[in-house]
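Working notes, structure below.
Below, each value reflects all heavy atoms present in this structure, side chains not excepted, and no hydrogens, waters or symmetry copies.
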Amino acid sequence: MRRYRPARCGPWLLLAAAVAALATGDVFFALRDHGVADAFYLAMYVLVAGALLRFTSGGSVIGDRARLIDLVAFACASLLVLWVFVFGGMSELGGISAADVIGSILLVGVAVRLTLATGRNIAAMLLLLGAVGMLAGDIVYPLAPGTASETGYRVLYIAWGLAALHPSMTRLTMPETPRPAAWRGHWAALLVLSVATPPLVLMIEALTGTVEDGVPIAVAAAITLTLMITRLADAVTLNSRALARERGLRGASADLVAAADLPAVDEAVRSAVAILLPAQTVERVVFATDDRQMALAALPPAPAGRRTRSWWADESPSDEGTLICPLWLEPLAVARPSGGALVLTGRRDALAAARDALEVLAGQAALALDRISLVEAVGRRDSDLYLRAVIRNTAELMLVLDEDQRVRYASPGLHDLLGDDDLSPLSTFADLVDSDDRGQIRRAFATGGDGTIFCALRRTDQSRVLVEATYRDLREDRLVQGFVVTMRSVTEGQTAVEHLPHRDQVEDLPAWVNRRSAQHKFRY
């Protein structure tokens, strides 16, 4: 555990305690203190059962835990019936402990299910090999006590020790997203039959004569009853979690529908995360509305080749993990193509259990962001249409620029001044002015705020028109989200210096105007 750092240490600690209990029982057995030895052996079965159940409680076979419990309970009841009515009367099997054999068979069944669920996992295979060795020892040693018949127990010690030493041991406790199976009536009937079998066997023995198998019946009854309680507890827990997730997602949906801006969406998402996950299981929540924020946070991109609803930032088997739920919806990708993601860092098992709900929450947040983007786009379009309708016949020179200085709207008077009835949709303000003035244009808009600049517009016939441009920074305005530029043309009969006699710094004027002014001063 210190070397490989599994996600959960509890199952391996229980397994280590089981091995210690088995070794202690062997010591007392060698000292002929069979009562104490049997107590340690029974404790070993309890610890091993707890370890294997802990392996299935949050690991690879969580989705099949209910079916596993039903099958184990039925196997326990079936073994009890076989032992009492088939093998109980055979004298050659009289030395075999019914409780030990039943417990070993149950452990083999759980180990088989664990191995099948995890695929080719070396640690799970070694656990299965150790359980088979224990079963062989419980059967062979009572029939022929000796050193050779103890080989099964040696296999148990070696196999379980190697299982903990192999690197694949971390995969047994790696949390997975739970996939609860649908309710089936025949599985419930099977569980009820398994729990009812030990009392029925006890009643049959009591009615037909002396009760000779009280201990096996009591052990089987305790096992089946414990499994049934575990099964019901799992069902109640899953139902409670589902109700909590449903309430959280319902409240988040209402908040996201009512959200009118990005801060409201962010607050709704964080409130929903606080409901879906316990506070102590989450260390950090990042709500990045575009891919640039994800890049600044050094978060990994989605797996190549496919788009997934969520992925882990780090696949290492550790207690802590980072889950990334992207904020994208394929039909509305055009409305908000900037991407973004809901990023949560915390306990890996808690994030894995709530992964489906977090993916749904990210989808609802993406839908809210897309709705807000579409509403803002429609609002800007209506505002532009209203502006065009109002100033359609005016001679004012006016521009509306996006944040990147691209021309969103140009008044008819400006089109007439430039002699161009149709500007390119990719045109910027810098494209409309003389090359000597582009530097001051970029600097002015880069600094933000309001101001006035003098520049020369280049007409289609390559002539230039000097204008005074007054710009206002309305990027924070919800309807505009850009710059509004109003221009006034300088009359052709005056130079810029003559038109502005009180200016102290002629360096702010366009370069070609300064050159023309110098030629005018020294023309004699």
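- Nearest heavy-atom pair, Gly321 versus Leu351, reported as atom, atom and distance to 0.1 Å: O-CD1, 3.6 Å.
- By the 4.5 Å heavy-atom criterion applied to side chains, Thr345 and Val286 are not counted as neighbours.
- Between the side chain of Arg475 and the main chain of Gly448, no donor-acceptor pair closer than 3.5 Å is present.
- Among all heavy-atom pairs drawn from Val84 and Glu205, the shortest one is CG1-OE2, 3.1 Å.
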Output a table of donor-acceptor pairs, distance under 3.5 Å, between side-chain atoms of residues 258-267 and any protein atom two or more places apart or on a different chain; print 'none' if there are none.
residue	atom	partner	partner atom	Å
Asp261	OD1	Ala264	N	3.2
Asp266	OD1	Arg270	NE	2.9

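- Put simply, CG on Leu191 and CG on Leu232 are 7.0 Å apart, with the number rounded to the nearest 0.5 Å.
- The side chain to side chain donor-acceptor pair (under 3.5 Å) analysis of residues 28-42, with sequence neighbours excluded, yields the pairs Asp26-Tyr41.
- At least one side-chain heavy atom of Val108 sits less than 4.5 Å from a side-chain heavy atom of Val112.
- A donor-acceptor pair under 3.5 Å is absent between the side-chain atoms of Trp312 and the main chain of Leu323, judged by distance alone.
- Between Leu249 and Leu276 there is a side-chain heavy-atom pair separated by less than 4.5 Å.
- Two residues are said to be in side-chain contact when any heavy atoms from C-beta on lie closer than 4.5 Å; Val285 and Val269 fail this criterion.
- Counting all heavy atoms, side chain and backbone alike, Leu344 lies closest to Leu342 at CD1-CG, 3.8 Å.
- The CD atom of Glu283 sits 8.5 Å away from atom OG1 of Thr322, with the distance rounded to the nearest 0.5 Å.
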List the steps and the verdict of side chain to side chain contact (heavy atoms under 4.5 Å, CB included) for Leu367 and Leu256. CA-CA 9 Å; Leu367 185 61; Leu256 290 172; over 6 Å; no

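- Put simply, OG1 on Thr170 and CH2 on Trp12 are 9.0 Å apart, with the number rounded to the nearest 0.5 Å.
- Using a 4.5 Å heavy-atom cutoff, the side chains of Arg231 and Asp70 are in contact.
- The distance from atom CE of Met169 to atom OH of Tyr4, rounded to the nearest 0.5 Å, is 8.5 Å.
- One finds the CE atom of Met1 at 4.0 Å from the CG atom of Leu13 (value rounded to the nearest 0.5 Å).
- Looking at Ser310 and Leu358, their side chains never come closer than 4.5 Å, going by heavy atoms from C-beta outward.
- Every residue meeting the side-chain contact (heavy atoms from CB on, under 4.5 Å) condition with Pro278, not counting sequence neighbours, appears here in chain and number order: Gln280, Thr281.
- Counting all heavy atoms, side chain and backbone alike, Ala220 lies closest to Leu80 at CB-CD2, 3.6 Å.
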Which donor-acceptor pairs under 3.5 Å do the side chains of residues 128-149 make with protein atoms, sequence neighbours left out?
residue	atom	partner	partner atom	Å
Asp138	OD1	Tyr153	OH	2.8
Asp138	OD2	Tyr45	OH	2.8
Asp138	OD2	Ser104	OG	2.4
Ser149	OG	Ala144	O	2.9
Ser149	OG	Gly146	N	3.1
Ser149	OG	Gly146	O	2.9

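- Atoms CD and CG, on Glu403 and Asp473 in that order, are 8.5 Å from each other to the nearest 0.5 Å.
- The nearest pair of heavy atoms linking Gly25 to Ala37 is O-CB, 3.4 Å.
- For the residue pair Pro198 and Thr224, the shortest heavy atom distance occurs at CG-OG1, 3.9 Å.
- Ser168 meets the side-chain contact (heavy atoms from CB on, under 4.5 Å) test with Asn121, Ile122, Ala123, His166; sequence neighbours excluded.
- Considering only residues two or more places apart in sequence or on other chains, Arg250 meets the salt bridge (Lys or Arg N to Asp or Glu O under 4.0 Å) condition with Glu246.
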List the steps and the verdict of side chain to side chain contact (heavy atoms under 4.5 Å, CB included) for Phe287 and Leu327. CA-CA 9 Å; Phe287 186 64; Leu327 302 177; 3.7 Å; yes

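- By the 4.5 Å heavy-atom criterion applied to side chains, Trp160 and Leu127 are counted as neighbours.
- Proximity of Leu277 to Arg347: side-chain heavy atoms (C-beta onward) are nowhere separated by under 4.5 Å.
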